[in-house]
Amino acid sequence: MQANQHQMKAFVTGGTGFVGANLVAGLNESGIQAKVLLRRNSNELALKGLVYEPVFGDVLDSAEKISSLIEDSDWLFHVAAVSKYWKAPKEYISKVNVEGTINLLQAAKLAGVKRFVFTSSIAALGIPEVGLKLTEESQFELDPAQFPYGYSKHLAELEVRQAVEQGLNAVIVNPTVVMGPRDVNLISGSIITEAARGLGWFYPPGGVNYVDVKDVVAGHIAAAEKGEVGERYILAGHNLTFKDSWTIVNDVVGRPPPRVPLPAKLIPIMAAGADALNQVTRKRLPFDGNQVRISAVKLFVDGSKAEKTFQINPRPFRDTLQDTYDWYLANGFL
């Protein structure tokens, strides 16, 4: 490397989480130095084997304090969010996902970063009309109480757009349901661990889009390199009904395919039951009533904008599941 060649540096929030840790792995592979924001009590299991500079702080710290940690970074990836949102109070989801984003946006301006990439979610796009797919033009139109996490991500996106109007070079990415290794908090990987335990014998009537975490990481880095300022990009993989996706999941973990379809009219009753159980038990279910309600919907998306702009060819769903299953086995989760 020539002496005058600049070594790219990226600052990552949420690095101890699933997408953040994989992003650090992707930055390692790309030869970009990674600086990771950690809390003093952070569990760094997801970052095992990776190269990064730890800096200590919190997204709820002041913008001035955060900016002092960022100052020599070219890019800022704001990945941190309340991920296990069904287990968190609504006020806390809003505090971290919205106020935390405002702090990071202000810190990025103060530190003069060249590019800010905000990790949003398809949850910020709401629910498509029957027979249609979500696109980058979709707007969140649900009752906030119906989906507090999606609403918080929608509000955070509005803050990013406002910062862009004030001159910040920022881009938004909206991953779908992300699958892959390093999912230590069982955010979406729980479908594999539950299926391995033999709980995948039924399926809800809806469906969703699943994306490989490698493709999500490629989308993040490409967004930093060539995303258009102020644009949002859906990072997607494959639109699959739960019947089809859970059949492949069961096959990968060595279980028979799901046999029992859940009737749509049962969904509201099950959702109410999940909410009631979560209120009275200390060990909450791995889902809440809102997730049960949404499982009746086909949450399908059109990911063509990011695929064309960033030249991403989504990995096969089965390969993604095999990688995830192998990682869970190797790391003692199963």
Side-chain angles (χ1 to χ4, degrees), residues 17-19 21-22 43 45-46 48 83-88 149 175-214 237-300 315-334:
F18 172 34
V19 171
N22 278 281
N43 176 353
L45 173 63
K48 190 170 146 191
S83 50
K84 281 194 171 182
Y85 54 84
W86 58 94
K87 292 191 174 186
Y149 174 77
T176 60
V177 175
V178 189
M179 300 290 296
R182 299 184 189 273
D183 185 2
V184 294
N185 296 314
L186 298 172
I187 303 305
S188 44
S190 60
I191 67 166
I192 289 183
T193 55
E194 299 299 329
R197 291 191 193 107
L199 297 175
W201 49 268
F202 65 93
Y203 57 91
V208 78
N209 185 284
Y210 296 94
V211 61
D212 191 294
V213 73
K214 288 192 172 108
H238 306 280
N239 292 315
L240 293 165
T241 63
F242 288 120
K243 183 186 181 184
D244 289 345
S245 61
W246 293 10
T247 296
I248 302 168
V249 170
N250 280 6
D251 191 44
V252 166
V253 303
R255 297 278 183 177
R259 301 172 303 282
V260 181
L262 292 179
K265 60 186 172 200
L266 254 188
I267 297 290
I269 300 163
M270 291 178 67
D275 283 337
L277 263 175
N278 280 335
Q279 280 185 331
V280 298
T281 56
R282 186 169 293 178
K283 193 175 190 307
R284 294 173 68 109
L285 298 170
F287 53 82
D288 70 358
N290 287 327
Q291 287 169 292
V292 177
R293 288 177 196 100
I294 288 172
S295 74
V297 179
K298 286 190 172 73
L299 263 175
F300 290 166
R315 291 189 79 215
F317 181 58
R318 196 193 167 86
D319 292 2
T320 304
L321 290 178
Q322 192 66 54
D323 285 357
T324 314
Y325 180 58
D326 292 347
W327 190 85
Y328 278 143
L329 277 176
N331 287 274
F333 281 80
L334 293 168

With sequence neighbours excluded, what pairs up with Asn209 under the side-chain hydrogen bond (donor to acceptor under 3.5 Å, both in side chains) test?
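With neighbours one apart ignored, the set is Thr176, Asn239.
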
From the options Thr320, Ile191, Leu321, select the one residue that forms a side chain to side chain contact (heavy atoms under 4.5 Å, CB included) with Tyr210.
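For Tyr210, the side chain to side chain contact (heavy atoms under 4.5 Å, CB included) check succeeds only for Ile191.
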
Only pairs at least two apart or in different chains count here, so list each ring-ring contact (aromatic ring centres under 6.0 Å, His included) that has a residue in residues 180-200.
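Not a single pair qualifies under ring-ring contact (aromatic ring centres under 6.0 Å, His included).
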
[X]: partners by side-chain contact (heavy atoms from CB on, under 4.5 Å), with sequence neighbours left out:
X	result
Lys265	Pro263
Asp251	Arg318
Asn43	Leu45
Arg255	Asn250, Val253

Val260 side chain reached by Trp201 side chain, heavy atoms, under 4.5 Å
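With C-beta onward as the side chain, the pair touches.
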
Between Ile192 and Met179, is there a side-chain heavy-atom distance shorter than 4.5 Å?
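SC-SC contact between Met179 and Ile192 confirmed.
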
Name each donor-acceptor pair under 3.5 Å that joins a side chain in residues 326-334 to protein atoms two or more places apart or in another chain, with its distance.
| from | atom 1 | to | atom 2 | distance (Å) |
| --- | --- | --- | --- | --- |
| Asp326 | OD1 | Gln322 | NE2 | 3.1 |
| Tyr328 | OH | Asp183 | O | 2.8 |
| Asn331 | ND2 | Trp327 | O | 2.9 |

Taking only residues two or more places apart in sequence, or in another chain, which ones meet Trp246 in a ring pair (Phe, Tyr, Trp, His ring centres under 6.0 Å)?
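By the ring pair (Phe, Tyr, Trp, His ring centres under 6.0 Å) rule, Trp246 matches Phe202, Phe242.
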
With sequence neighbours left out, what residues match Phe300 under ring pair (Phe, Tyr, Trp, His ring centres under 6.0 Å)?
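Testing Phe300 for ring pair (Phe, Tyr, Trp, His ring centres under 6.0 Å), a comparison that skips the adjacent residues, returns none.
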
Is Asp212 reaching over with its side chain to a backbone N or O of Gly237, donor-acceptor style, under 3.5 angstrom?
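Not a single qualifying donor-acceptor pair exists.
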
Minimum heavy-atom distance between Ser188 and Val177, given as atom pair plus value
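What the structure gives for the nearest pair is CB-CG1, 3.7 Å.
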
Of all residues at least two apart in sequence or in a different chain, which pass the salt bridge (charged side-chain N to carboxylate O under 4.0 Å, His left out) check with Lys298?
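None.
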
